[in-house]
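Values below: every heavy atom of this structure, side chains too, minus hydrogens, waters and symmetry copies. To find a chain, count down the sequence lines: A is the first, B the second, and so on, and within it residues start at 1. Computed from a prediction, not measured in an experiment: that's the story for all the values here.
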Protein chains: 2
Amino acid sequence: MATIKDIAQKSGVSVATVSYVLNNTRWVHEEKRKRVLEAISELNYVPNAVARGLRVQKSKAISFVVSDITNPFYPDLAKACEDLAQTKGFTINILNTDDKPDRTQFALNQVREGKVDGIIVTSALEQDREHFQKFMEQGYVIVLANRSVKGLQVDSVVADNFNGAVMATNHLHELGHKKIAFMPGISGSSITQSRMNGYLQAMEDAGLTIHPEWLTSGEARYSGSYKTTQFLLGLPEWKRPTAIISLTDIGALGVLDAATDLEVSVPDDLAVIGFDDLFISGTRSVQLTTVKIPRYEMGSIATSLLMERLEKGGKSDFQEIVLPVELIVRKTCGKRKTEIK
Amino acid sequence: MATIKDIAQKSGVSVATVSYVLNNTRWVHEEKRKRVLEAISELNYVPNAVARGLRVQKSKAISFVVSDITNPFYPDLAKACEDLAQTKGFTINILNTDDKPDRTQFALNQVREGKVDGIIVTSALEQDREHFQKFMEQGYVIVLANRSVKGLQVDSVVADNFNGAVMATNHLHELGHKKIAFMPGISGSSITQSRMNGYLQAMEDAGLTIHPEWLTSGEARYSGSYKTTQFLLGLPEWKRPTAIISLTDIGALGVLDAATDLEVSVPDDLAVIGFDDLFISGTRSVQLTTVKIPRYEMGSIATSLLMERLEKGGKSDFQEIVLPVELIVRKTCGKRKTEIK
DNA sequence: CTGAAAGCGCTTACAG
DNA sequence: CTGAAAGCGCTTACAG
């Protein structure tokens, strides 16, 4: 592998000059410039990014931290991140945490080690607060996407989860439902919290009462939601929900399948709403009514925030961006008001 | 940020000694050792990976190159890659190519720049052959997963696509189908090629004739497959297929939706088989019969192959691993033989 | 307009 | 058992 030294020798200039033409960072005599360029192409030279990184103390890489890239919610975020990062010459590292705090710590370490310049975390938990706080105090940069952390001063972008849940609940209420269950995900996630609050608020505003069983977690995943639905549908009729709001579309798929297996028909006997609007949800086979979360946009904005922060530095003027959501009405809630006992 | 020098000073030893205790690479007097460790924890020191990387000429990172991480086929591969890489202390870079050759070139450059030690490409195309060849001749390491490149000497892992297609075709034939269409994806991909060959072979063995229209591409995506299905189903009855093999499950979803919209019922009037066995395919709403591709295993093996090659080096003894596939019979092909005209 | 040299933060022969 | 020093491949003040 040729190095800058080889190029300098071959073209009879100093390594400094080679560096200058490489980076176009100061005027070089045309003649020399040409010789350098020739040597570069002849020796098939490509500058070593690690050496450069060490010298300028920048890696031109960022980490994208996610609980599980296998969850169809996240790839869009990751894609957006890469699309944008790439235009700025950044490379992206992906890191699955499985929502385990020590994996998140590991992610923070990547920037401490200088492997990446900053980090986007989509899997923040309440219990990460102190670690993030300390991390930022040390001058490292982080931006939160998707999940936020209460009381933490940091750049972040989240969906308007509260209102999404309000919209979902109201929609069901307008359709005549009174027994509406809300199926939360893991605790410590701001998403569960905000959506639950929206649901609670809307239920109260509608004058509807809530049975504690209606708040049983489905872990936001397929199988958890499947099981919780079995439980919910097995409740005595007076408190058996006629509608279920699932924290995610993937969870809603579990709800739908449990209903199918129990032979309760959707939307006639059970209405279901998800969150996310995954590709699959719009498919003829599924036709799930759901609250659409603008994932690509979220990833894009998170990346911009990170880039900005990387440029300007500092620990103030943090931005918290809340993206509007949209209720996508499809076929899992019924199209018209039907009498519900 | 503390450096190794700070630690050396604070604990009154040489930087060499600090390095040795850090890496546990030679015996250090217990006393000093303790002082070093103390200094490290007091100053919150974490070694700079970039400096280390420059010195040892290894980045401890690999790239995972994919056409589109947003395609639900790939995250499992990426996850497997990260899971395994992580145990070896490697970090993983993700890179979407959109099947554009220049993006693949860009990926190769990451290793030329020393940003990563090697690269796993899941998006290889026939037209990449020369570039890969040259790349490997320069001593860089690459392993192919999912898609292979004919005539290229390289470590690789692919599914047994030929037999998968044979199994799918035979299954349909046994069910009584004679007019079986096969919907290819993009050209240049070994997947389309192998599966098409399997289909062709099985059709011939069954003594079935093929109309050229039956080989119209669906681009392996939802909308392309949707359109191609409209076309196929619009053919005059004597050559309208009664069964469609889609190159992917995502494509099969498009086939299914087109059928629904055209009011041809599955499996009664149309049988469909996909490839992949995505999570969604097993769902009650879909119940797609499909050829299962062991994605996680594939990602895992690709990563092992890369790690091995990184350790032993060399340009010989390349391994080509072919993973067995499995036909998962669900509901889109009919359960029993029905008479088909 | 251009070059010699310091230095980024490590590891690792080499010498003692 | 331990340290001084070279060197990985760059960039960038500094001097001319």
Side-chain angles (χ1 to χ4, degrees), chain A residues 1-37 39-40 43-61 89 109-117 139-140, chain B residues 1-37 39-40 43-61 89 109-117 139-140:
Chain A
M1 259 145 298
T3 72
I4 198 174
K5 231 165 150 182
D6 299 321
I7 303 302
Q9 252 168 255
K10 190 172 173 82
S11 50
V13 302
S14 70
V15 296
T17 298
V18 176
S19 173
Y20 289 123
V21 346
L22 236 28
N23 300 300
N24 222 298
T25 176
R26 109 175 157 189
W27 175 240
V28 173
H29 194 85
E30 194 48 38
E31 169 79 17
K32 297 196 175 187
R33 193 184 145 70
K34 217 147 96 189
R35 289 212 308 273
V36 169
L37 259 15
I40 287 175
L43 297 191
N44 230 291
Y45 168 70
V46 11
N48 184 299
V50 176
R52 175 169 212 288
L54 176 59
R55 178 57 232 243
V56 307
Q57 302 281 49
K58 294 215 159 56
S59 64
K60 281 282 195 176
N109 258 329
Q110 300 220 349
V111 2
R112 292 201 175 96
E113 287 179 339
K115 261 195 154 182
V116 298
D117 295 331
Y140 298 115
Chain B
M1 257 145 298
T3 72
I4 197 173
K5 231 164 150 182
D6 299 320
I7 303 302
Q9 252 168 253
K10 190 171 173 83
S11 50
V13 302
S14 70
V15 296
T17 300
V18 177
S19 174
Y20 289 123
V21 345
L22 235 27
N23 300 300
N24 223 298
T25 176
R26 109 173 158 191
W27 176 241
V28 173
H29 194 85
E30 194 49 37
E31 168 81 19
K32 299 196 174 189
R33 193 186 146 69
K34 218 149 93 189
R35 290 213 308 273
V36 168
L37 260 15
I40 286 175
L43 297 191
N44 230 291
Y45 168 70
V46 10
N48 183 299
V50 176
R52 175 169 211 288
L54 176 60
R55 178 58 231 243
V56 306
Q57 301 282 49
K58 294 216 158 57
S59 64
K60 281 281 195 177
N109 259 328
Q110 300 219 349
V111 3
R112 293 201 174 95
E113 287 179 339
K115 260 194 154 182
V116 299
D117 295 332
Y140 298 113

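Comparing the same atom, C1', in D/dG16 and in D/dT12 gives a spacing of 16 Å after rounding to whole Å.
Note: CD (A/Glu30) to C1' (C/dT2) measures 15 Å, nearest angstrom. The interatomic distance linking B/Lys60 (NZ) with C/dT11 (C1') rounds to 15 Å, in whole Å. With rounding to whole Å, B/Met1 atom CE is found 19 Å from C/dG7 atom P. In this structure, A/Asn24 places its CG atom 14 Å from P of C/dC1, rounding to the nearest Å. Rounded to whole angstrom, the span from the CD atom of B/Gln57 across to the C1' atom of D/dC10 amounts to 12 Å. The nearest whole Å value for the distance from the NZ atom in A/Lys58 to the P atom in C/dC8 is 15 Å. For the pair A/His29 NE2 and C/dG3 P, the interatomic distance rounds to 11 Å; values are reported in whole Å. Rounded to whole Å, atom P of C/dC10 lies 11 Å from atom CD of A/Glu113.
Between the CG atom in A/Asn48 and the CE atom in A/Met1 there is a gap of 9.5 Å [rounded to 0.5 Å].
B/Thr3 meets the side-chain contact (heavy atoms from CB on, under 4.5 Å) test with B/Lys5, B/Asp6; sequence neighbours excluded. Remark: B/Arg112 pairs with no residue by the salt bridge (Lys or Arg N to Asp or Glu O under 4.0 Å) rule, at least two apart or across chains. Under the side-chain contact (heavy atoms from CB on, under 4.5 Å) criterion, B/Ile7 pairs with B/Ser11, B/Val18, B/Val36, B/Ala39, B/Ile40, B/Leu43, B/Tyr45, not counting sequence neighbours. The side chain to side chain donor-acceptor pair (under 3.5 Å) test applied to A/Asp117 returns A/Ser59, not counting sequence neighbours. Under the salt bridge (Lys or Arg N to Asp or Glu O under 4.0 Å) criterion, B/Lys10 pairs with B/Glu42, sequence neighbours left out. Evaluation of the salt bridge (Lys or Arg N to Asp or Glu O under 4.0 Å) rule for B/Arg55 yields no partner, not counting sequence neighbours. For B/Val111, the side-chain contact (heavy atoms from CB on, under 4.5 Å) partners at least two apart in sequence or on another chain are B/Val116, B/Ile119, B/Phe135, B/Tyr140.
Between B/Lys115 and D/dG9, a side-chain N or O to OP1/OP2 separation shorter than 4.0 Å is absent.
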Nucleotides 14-16 of chain C: which of its N/O atoms have a protein N/O under 3.5 Å away?
none

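Within the 4.5 Å cutoff, the side chain of B/Arg35 has heavy atoms near those of the B/Val13 side chain. Proximity of B/Arg52 to B/Lys58: side-chain heavy atoms (C-beta onward) are nowhere separated by under 4.5 Å.
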Worksheet, complete the sentence: Read 5' to 3' with Watson-Crick or G-U pairs under 3.5 Å, [ ] for crossing pairs and | for partners on another strand, DNA chain D gives |||.||||||||.|||
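Residues from residues 43-56 of chain B placing a heavy atom under 4.0 Å of any atom in DNA chain D, listed by number, are B/Leu54, B/Arg55. Shown for residues 4-16 of chain B: residues whose heavy atoms fall under 4.0 angstrom of DNA chain C, namely B/Ile4, B/Ala16.
Across all their heavy atoms, B/Gly114 and A/Val50 have their closest contact at O-CG2, 3.1 Å. B/Lys60 and A/Lys115 make their closest contact through O-NZ, 2.8 Å (heavy atoms, listed as atom of the first residue, atom of the second, distance).
The residue A/Thr3 sits close only to the backbone: its heavy atoms come under 4.0 Å of sugar-phosphate atoms, none of a base. Using a 4.0 Å heavy-atom cutoff across all strands shown, A/Thr17 reaches sugar-phosphate atoms only and no base atom.
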Could you go through residues 21-34 of chain B and list every donor-acceptor pair under 3.5 Å that involves a side-chain atom there, pairing it with any protein atom two or more places apart or in another chain?
residue, atom, partner, partner atom, Å
B/Asn23, ND2, B/Ser19, O, 3.0
B/Asn23, ND2, B/Ser19, OG, 3.4

